[in-house]
Amino acid sequence: MKKRLVLVISVLCLGTGVGGCRHIMPFSEDLTTSGTASEESATSSNTGIAFKSKPRDIEDLSGNAVAEDSVQDHSGAESSSEKEQETSDEILQQAQRMASMYDYDKAIELLKSQPENAAYTKAIAEMEETKASCVPWTPDQVTHVFYHTLIKDPALAFDGDSDTAGYNQVMTTIGEFEKITQAMYDKGFVMVTLEDMAVKDENGNMVPGKILLPPGKQPFVLSQDDVSYYHYMDGDGMASRLVVDENGQVKAEYIEADGSVSVGNYDMVPLIDAFVEEHPDFSYRGAKGIIALTGYEGVLGYRTDGVYKTRQELDELQCVYLNNHLDFNWDEEVAKATETAKAMKDSGWAFASHTWGHINVGESSLERLKTDTEKWLTYVAPIIGGTDKIIFAFGADLAGAENYSGEKFDYLKSQGFDYYCNVDSSRLWVQLAPNYLRMGRRNLDGYRMYYNPELVEDLFNAKEVFDPVRPTPVPEMS
């Protein structure tokens, strides 16, 4: 694999100036904020179109010729009936998909808005029966899991260079991800949103949301950090950016060894999209995951930060990138990133701040937090349409198990953030206060599967998932 000009990997990456972390070490392992986690929760017609051919004239039973226009033609009526049946089938399929994603009210409303139909009546009765069997889930019964960029080619990621240890610790291969997703689906897990867990009431206070699932199903939140495809990851067997394909679907680009570009399901977003298309009951009313974005090298693989436009204060890898892309157009990058983000939101994905410079909010001064947040709001928020969610980098947080308070929280709250997530190895850790929802997240990566398989056994069997191509032992966090 090619050698890069700047290769630094450590538990806490060294940044320059306000830019903060230039490498992906997202958290200090087991930086638990609670110590009081609650550990358990309840569990788990094809209509053919007739081909009609008619002679110029035909004979009646007496053998006399009959003019063509004297024969009654029912083709128009049959065609109309066929179209009505097709429409009826499409509406029923649409309602059934809504119901399979647990939106029974919307599905029933759709069917009741149509002319009376025996198939509709039967489907409504079945949906009402299933809805009546549903079990409510409270916020403190919901778990949250997360990943980093998925590894497509383990041979390149685990090639023994200085980045290998970090990839081995905090990243997951596509093979592992697919096995985990299937295992969680088989156990009855269903993706929900943070808004499903808690919402603002008419007075602006956070109150529990409503999650209703049939017996055997259980909710979880999914997120992915650092979906920026940083320069240092080039050539290391991971996707280069997310794109909208000719069908309007979000896919991942991957640069092959010969420089050609492949487009496919090479990271979490397109993989989950494909899984939900096949298994709609893995998503609660269309919910997907949360994508946590930094901004210092752009978002979603597009170089949208201001330094690429001004060509000022560039680091070495950014200079190399621009020198290799002489036709770079910042406005076009922003437009493409915005198009991709919109397509993701339209299909159920949500976005969160991961801080602009991947900073540790617990160790940063209020002034640095303000400067960082202003950059994020300037260069990232307009692309994704803003957000009220922040997922802290490094697994850091603003406080311990006690409720939030103080200048940093007051500032972030004033900037519109209502949902806060850290990293916590506990199965469940949720804090619902009148003015925010706070949630711990569980890392599903090489480190967790190798050292603490018991901590994920409610989700999957780590021994069955662990990719045999991973170098072992997985390096310990220092």
Check: Q318 side chain, Y308 main-chain N or O, donor-acceptor pair, under 3.5 Å: no
Should the pair K463-E457 be classified as a salt bridge under the 4.0 Å nitrogen-to-oxygen rule? no
Taking side chain as C-beta onward, heavy atoms only, is V221 less than 4.5 Å from T143? no
Any V380 side-chain heavy atom under 4.5 Å of F351 side chain: no
At their closest point, which heavy atom of L412 faces which heavy atom of F392, and how far apart are they? CD1-CE2, 4.2 Å
Heavy-atom check, side chain of M191 versus side chain of M101, under 4.5 Å: no
Heavy-atom closest contact (A352 atom, T387 atom, distance): CA-OG1, 3.9 Å
V320 side chain reached by H231 side chain, heavy atoms, under 4.5 Å: no
Any donor-acceptor pair under 3.5 Å linking the side chain of Y302 with the backbone of L242? yes
Separation between CG of L428 and CE of M439, rounded to the nearest 0.5 Å: 7.5 Å
Evaluate T164 against D159 for side chain to side chain contact (heavy atoms under 4.5 Å, CB included), listing each step before the verdict. CA-CA 7 Å; T164 295; D159 62 355; 3.4 Å; yes
Heavy-atom pair of closest approach, residues N168 and P471: ND2-O, 2.8 Å
Neighbour count >12 (heavy atoms, 6.0 Å) for atom CG, L314: yes
May I ask you to check whether F220 and F282 place their ring centres under 6.0 Å from each other? yes
Closer than 3.5 angstrom, by distance alone: can the side chain of T472 be matched with the main-chain N or O of V474 as a donor-acceptor pair? no
Return the orientation label for the H354 and H358 ring planes: parallel under 30°, perpendicular over 60°, tilted otherwise. perpendicular
Do K152 and Y254 meet the cation-pi criteria used here (NZ or CZ under 6.0 Å from the six-membered ring centre, within 45° of the axis)? yes
Pairing donors with acceptors under 3.5 angstrom, does anything connect the side chains of E256 and S262? yes
Mark yes or no for whether K217, through its side chain, and V190, through its backbone, hold a donor-acceptor pair below 3.5 Å. no
Check for a donor-acceptor pair, side chain of Y379 on one end and backbone N or O of V307 on the other, with a separation under 3.5 Å. no
Would you say the side chains of D305 and W356 form a donor-acceptor pair under 3.5 Å? yes
Can you sort out the partners of D103 under side-chain hydrogen bond (donor to acceptor under 3.5 Å, both in side chains), two or more places apart, ordered by chain and number? none
P208 versus T138: any side-chain heavy-atom pair under 4.5 Å? no
Under 4.0 Å between a Lys/Arg side-chain N and an Asp/Glu carboxylate O for D225 and R441? yes
Results of side-chain hydrogen bond (donor to acceptor under 3.5 Å, both in side chains) for S240 - residues two or more places apart only: none
Taking K288 for its side chain and I272 for its backbone only, find out whether a donor-acceptor pair lies under 3.5 Å. no
At what distance, to the nearest 0.5 angstrom, does OG1 of T173 lie from CD of E178? 8.5 Å
Taking atom CE of M449 and atom CG of D467, what is their separation to the nearest 0.5 Å? 8.0 Å
Could you check whether any side-chain N or O of S228 sits under 3.5 Å from a backbone N or O of E297, counting only pairs where one atom can act as donor and the other as acceptor? no
Any donor and acceptor pair, going by atom type alone, linking the side chain of N247 with main-chain N or O of Q249 inside 3.5 Å? no
Between the main-chain N or O of Y296 and the side-chain N or O of K375, is there a donor-acceptor pair closer than 3.5 Å? no
Donor + acceptor pair across side chains of Y321, D234 (<3.5 Å): no
Within the structure provided, determine whether L212 and P136 are in side-chain contact (heavy-atom separation under 4.5 Å). yes
Which heavy-atom pair separates S223 from H144 by the least distance, and what is that distance? OG-NE2, 2.9 Å
Do D196 and K210 meet the salt-bridge criterion of a basic N to acidic O distance under 4.0 Å? no
Atom pair CD1 (I151) and CG (L156), whose distance is rounded to the nearest 0.5 Å: 10.0 Å
Would you find more than 12 non-hydrogen atoms of other residues, nucleotides or ligands less than 6.0 Å from E454 atom CD? yes
Between Q218 (side chain only) and G188 (backbone N and O only), is there a donor and an acceptor less than 3.5 Å apart? no
Are L271 and T181 close enough that some pair of their side-chain heavy atoms sits under 4.5 Å apart? no
A side-chain contact here means heavy atoms from C-beta on lying under 4.5 Å apart; do L293 and V227 qualify? yes
Which is it for D267 and Y229 under the side chain to side chain contact (heavy atoms under 4.5 Å, CB included) test, yes or no, and what are the steps along the way? CA-CA 11 Å; D267 206 352; Y229 304 104; 2.6 Å; yes
Compute the ring centroids of Y436 and F417, then answer whether they are less than 6.0 Å apart. no
Listed partners of D258 passing side-chain hydrogen bond (donor to acceptor under 3.5 Å, both in side chains), at least two apart: S260
Salt bridge present between E277 and R97 (N-O < 4.0 angstrom): yes
Over all atoms of both residues, closest heavy-atom pair of Y284 and I211: OH-CA, 3.6 Å
Straight-line distance of I383 CD1 to T304 OG1, nearest 0.5 Å: 3.5 Å
When rounded to the nearest 0.5 Å, the distance separating OG1 of T355 from CD1 of I391 is 11.5 Å
F146-H148 aromatic ring centre distance below 6.0 Å: yes
Do you see a donor-acceptor pair shorter than 3.5 Å between the side chains of K251 and N265? yes
Do other residues, nucleotides or ligands put more than 12 heavy atoms under 6.0 Å from the NZ atom of K342? no
Nearest heavy-atom contact between V250 and P270 is O-CB, 3.4 Å
What's the verdict on side chain to side chain contact (heavy atoms under 4.5 Å, CB included) for V423 and N443, showing C-alpha distance, side-chain angles and the deciding distance? CA-CA 7 Å; V423 173; N443 49 304; 4.2 Å; yes
Mind running side chain to side chain contact (heavy atoms under 4.5 Å, CB included) on V192 and W137 for me, showing each step along the way? CA-CA 11 Å; V192 300; W137 291 78; over 6 Å; no
Indicate the ring-plane relationship of Y104 and Y102, choosing parallel, tilted or perpendicular according to the 30° and 60° boundaries. perpendicular
